[in-house]
There are 2 protein chains.
Amino acid sequence: MSSYHHGALAGALLDAAGELLAEKGLAGFSLRECARRAGVSHTAPAHHYGDVAGLLTAYAARAFAGLADALSAVPAGSDAAQVLQHQGVAYVRYALLLPARYQLMFSSGTLRRDDPALQREGLRAWACLADAVAAVTGRPAPLTAGDPDAALAWAAVHGIADLLINQQLQLPADTSWEAHTERMLAHLAGSWQRGAVLPEAGRDGVPSGHPAAREP
Amino acid sequence: MSSYHHGALAGALLDAAGELLAEKGLAGFSLRECARRAGVSHTAPAHHYGDVAGLLTAYAARAFAGLADALSAVPAGSDAAQVLQHQGVAYVRYALLLPARYQLMFSSGTLRRDDPALQREGLRAWACLADAVAAVTGRPAPLTAGDPDAALAWAAVHGIADLLINQQLQLPADTSWEAHTERMLAHLAGSWQRGAVLPEAGRDGVPSGHPAAREP
DNA sequence: AATTTGATCTTGACGGTGTCAAGTTTACGA
DNA sequence: TCGTAAACTTGACACCGTCAAGATCAAATT
């Protein structure tokens with residue numbers, strides 16, 4: 001009959017956690033239900049992850065890695081502002097893809113913020129965004145960890161994602177979250193680019209070309 | 001002896017909830033502990049609030065009211081950008097005053113977003129911020145619920161507050177969160193005040209009139 | 001090849017939680 | 001005065017996370 005040992009429990013538990021988060025949300029997550037779905041006893045996860053915080057921390061680290069990948073998958077372009085805008089949209093898209101996962105990533109109460117893997121992947125995601133900010137502001141590439149511009153960019157995309165997830169942002173009529181997000185990020189990105197000008201002024205015939213650089 | 005009936009349980013439970021949130025955080029909140037602190041049995045809260053979501057929803061509504069008050073307490077000034085900046089700092093200050101309370105306000109999984117009082121007080125807080133945005137952009141005050149500029153402002157302050165609470169924003173050396181927040185918000189507020197919407201809207205003497213037709 | 005060893009997983013128990021059902025106390029209006 | 005409804009309690013149930021102790025199995029050692 002099947003082996004007493006599972007063989008790949010650690011990974012299976014992470015997968016089960018993902019399903020569970022998608023179905024029941026972060027508040028409905030349960031370690032026992034997680035073990036149940038992986039087909040093991042309710043204390044099996046403890047041996048691999050210690051406790052519930054350990055499992056969720058591991059899952060969050062994997063989630064930050066996915067976010068970093070999603071951000072670095074945005075193609076580089078000639079228009080730095082547009083690249084930042086696209087990265088922002090990619091950020092929000094990743095968050096909305098599995099809202100409970102995104103909420104977990106930022107719920108310090110339920111995971112261990114000092115976990116090495118979590119910090120590493122978190123910094124990786126941050127670096128993607130910070131590089132885009134550096135490009136649009138015309139400053140040399142690795143920005144400092146506390147850079148105000150990069151922090152503002154991160155706060156903006158995080159705020160947009162979190163407010164959308166919690167249904168606190170009312171979308172204008174006939175406007176998708178993507179269009180709405182693009183509009184907000186266009187303003188933000190444009191505010192850094194020299195000659196702060198909003199690209200794409202709407203769909204009413206106004207030519208929405210490259211934002212002209214026009215600051216002395 | 002003291003009455004069998006508590007008399008003011010509803011309010012006492014909200015106070016106990018506040019203490020509990022301050023001590024144990026949102027994850028450590030417990031309805032039974034809440035009742036214990038109010039000196040009643042563990043099922044007493046149900047009669048007033050139904051279930052745990054009911055109590056937390058009522059507390060969140062009170063919290064949004066406090067936020068709206070904190071925002072409207074910011075003195076109006078001649079410089080619209082500075083007013084918006086100060087409101088943003090007041091917003092973040094309120095969030096940091098009791099982080100668990102702020103996290104609760106935006107944790108849709110644990111409260112009832114369709115609660116009338118919650119929605120009402122939430123809109124009140126939104127209106128304060130939106131009015132400041134209207135002033136700095138020079139548009140007529142009440143902005144529509146889905147206005148992108150107001151939404152960006154809200155997302156920014158929410159993002160700053162949430163990232164600070166979750167210790168995801170590294171502060172530059174010798175810089176308080178207030179100074180850091182002021183710096184980010186100064187850029188954001190300034191990006192509107194400069195009239196960055198229309199290319200032809202130069203900053204030379206234009207009295208900040210109606211910037212542009214965003215919607216026909 | 002037999003045995004030890006250690007990682008993996010299970011069974012069982014404990015205290016804690018939210019919520020339902022039923023009973024007790026109290027205030028208040030008919 | 002009395003009954004009725006609101007306020008609150010007692011008790012139970014299922015579920016949760018975690019600890020302790022035991023069972024199983026692969027693999028290295030002897």
Side-chain angles (χ1 to χ4, degrees), chain A residues 1-60 100 103-104 107-112 115, chain B residues 1-60 100 103-104 107-112 115:
Chain A
M1 77 167 283
S2 67
S3 67
Y4 184 87
H5 288 14
H6 185 288
L9 226 199
L13 284 172
L14 288 185
D15 295 341
E19 287 182 22
L20 195 47
L21 284 174
E23 286 181 29
K24 313 278 182 120
L26 181 53
F29 179 84
S30 146
L31 192 57
R32 284 170 110 109
E33 172 71 18
C34 210
R36 226 170 280 138
R37 299 198 178 203
V40 293
S41 78
H42 62 271
T43 55
H47 197 274
H48 291 270
Y49 296 105
D51 52 7
V52 59
L55 201 171
L56 290 179
T57 299
Y59 187 83
Q103 289 181 303
L104 168 65
S107 70
S108 296
T110 59
L111 48 79
R112 295 204 181 84
D115 182 79
Chain B
M1 80 165 279
S2 67
S3 65
Y4 183 87
H5 287 18
H6 185 289
L9 226 197
L13 285 172
L14 288 185
D15 295 342
E19 286 181 22
L20 195 47
L21 285 175
E23 287 180 28
K24 314 280 183 113
L26 181 53
F29 179 84
S30 147
L31 192 56
R32 283 171 111 109
E33 174 70 18
C34 210
R36 226 171 279 138
R37 299 198 177 201
V40 293
S41 77
H42 62 270
T43 55
H47 197 274
H48 290 271
Y49 296 105
D51 53 6
V52 59
L55 201 169
L56 290 179
T57 300
Y59 187 83
Q103 289 180 303
L104 168 65
S107 71
S108 296
T110 58
L111 47 80
R112 296 207 181 82
D115 182 79

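In what follows, every chain begins at residue 1, and chains take the letters A, B, ... in the order their sequences are listed.
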With sequence neighbours excluded, residues passing side-chain contact (heavy atoms from CB on, under 4.5 Å) with A22(B): L98(B)
For atom NE2 of H48(A) and atom C1' of dT10(C), their distance in whole Å: 13 Å
Inter- and intrachain pairs under side chain to side chain donor-acceptor pair (under 3.5 Å), touching residues 15-29 of chain A, at least two apart: D15(A)-R62(A), E23(A)-R37(A)
Partner set under side-chain contact (heavy atoms from CB on, under 4.5 Å) for A46(A), not counting sequence neighbours: none
Presence of R36(A) side-chain N/O under 4.0 Å of dC15(D) phosphate oxygens OP1/OP2: no
End-to-end axis angle, where each axis spans five pairs of the helix from dA1(C)-dT30(D) to dA30(C)-dT1(D), to 10°: 10°
Gap between atoms OH and P, on Y49(A) and dG17(D) respectively (whole Å): 16 Å
Pairs touching residues 44-56 of chain A that satisfy side chain to side chain donor-acceptor pair (under 3.5 Å), sequence neighbours left out: D51(A)-R112(A)
d(CG, L56(B); C1', dT19(C)) in whole Å: 15 Å
Nucleic acid contacts of residues 10-32 of chain B, taken as heavy-atom distances under 4.0 Å to DNA chain C: S30(B), L31(B), R32(B)
Residue whose closest nucleotide on DNA chain D lies nearer the 5' end, A53(A) versus S41(B): S41(B)
Value rounded to 0.5 Å, distance of CG in D115(A) from CG in L56(A): 11.5 Å
Residue list, side-chain contact (heavy atoms from CB on, under 4.5 Å) with A60(A), at least two apart or on another chain: L104(A), L111(A), L118(A)
For S107(B), all residues meeting side chain to side chain donor-acceptor pair (under 3.5 Å), sequence neighbours excluded: T110(B)
Nearest-0.5 Å distance that lies between atom OG in S108(B) and atom CG in L26(A): 12.0 Å
For nucleotides 20-22 of chain C, print each protein N/O atom paired with a nucleotide N/O atom at under 3.5 Å, atom names and distance only.
none

For V40(A), all residues meeting side-chain contact (heavy atoms from CB on, under 4.5 Å), sequence neighbours excluded: H6(A), L9(A), A35(A), A38(A), A44(A)
Contacts of type side chain to side chain donor-acceptor pair (under 3.5 Å), residue R36(B), not counting sequence neighbours: E33(B)
Salt bridge (Lys or Arg N to Asp or Glu O under 4.0 Å) partners of R32(A), counting only residues at least two apart: none
H47(A) NE2 - dT11(C) C1' separation (whole Å): 16 Å
Spacing between L9(B) atom CG and dT9(D) atom C1', to the nearest angstrom: 12 Å
